[in-house]
Amino acid sequence: MQTAIIKITGMTCMGCVNSVKTLLKNLAGVIEVDATLDPAQATVQFEPDRITLEQLNEAIIDAGFGVAS
């Protein structure tokens, strides 16, 4: 198991936070997700042999949010 903290741009309300949490939780290989508005980020526990950090970032971007480096 691996844990990543992903800084997310474009989240403006708790609806956005819930959307990101739901989106990430539904990805195969994701174990646990905690997302917050302040700071705007998601803490994701995932299985790196099933999903990569790049794939997590792509899913966030595909949902209309941004990923800060």
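Since the structure is predicted, the reported quantities are computational estimates derived from the model, not experimental observations.
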Item to check | Heavy-atom closest contact (Ala59 atom, Leu27 atom, distance) | outcome: CB-CD1, 3.8 Å
Checklist entry - Cluster question for you: counting only ILVMFWY and a side-chain heavy-atom cut-off of under 4.5 Å, with indirect links fine, are Leu56 and Ile31 together? => result no
Checklist entry - Quick one: CG on Asn57 to NZ on Lys7, what's the gap to the nearest 0.5 Å? => result 13.0 Å
Item to check | Sequence-distant partners of Gln55, side chain to side chain donor-acceptor pair (under 3.5 Å), two or more places apart | outcome: Thr52
Next on the checklist: Give me the atom names and distance for the closest heavy-atom approach of Leu53 to Ala4.
Outcome noted: CD1-CB, 3.8 Å
Item to check | Minimum heavy-atom distance Ile8-Ala42, with the two atoms named | outcome: CD1-CB, 3.8 Å
Next on the checklist: If I compare all heavy atoms of Gly10 with all of Cys16, which pair ends up nearest, and what's the gap?
Outcome noted: O-SG, 4.3 Å
Next on the checklist: Do Asp62 and Leu23 have side chains that approach each other closer than 4.5 Å (heavy atoms only, starting at C-beta)?
Outcome noted: no
Next on the checklist: Please determine whether side chain to side chain contact (heavy atoms under 4.5 Å, CB included) holds for the pair Thr3 and Val44, giving the CA-CA distance in whole Å, both sets of side-chain angles, and the decisive distance to 0.1 Å.
Outcome noted: CA-CA 6 Å; Thr3 301; Val44 186; over 6 Å; no
Next on the checklist: Quick one, Ile6 with Thr43, criterion side chain to side chain contact (heavy atoms under 4.5 Å, CB included). Give me CA distance, side-chain angles, the key distance, then yes/no.
Outcome noted: CA-CA 6 Å; Ile6 304 170; Thr43 303; over 6 Å; no
Item to check | Heavy-atom pair with the smallest gap, counting every atom of Ala35 and Lys21 | outcome: CB-CG, 3.4 Å
Checklist entry - Mind checking whether Met11 and Phe65 have side chains closer than 4.5 Å, heavy atoms only? => result yes
Item to check | Approximate separation, where rounding is to 0.5 Å, of Cys13 SG and Asn18 CG | outcome: 8.5 Å
Next on the checklist: Would you say that Thr36 contacts Gln41 through its side chain, given a criterion of any heavy-atom pair below 4.5 Å between the two side chains?
Outcome noted: yes
Next on the checklist: What I'd like to find out is whether the side chain of Val67 reaches to under 4.5 Å of the side chain of Thr9, using heavy atoms alone.
Outcome noted: no
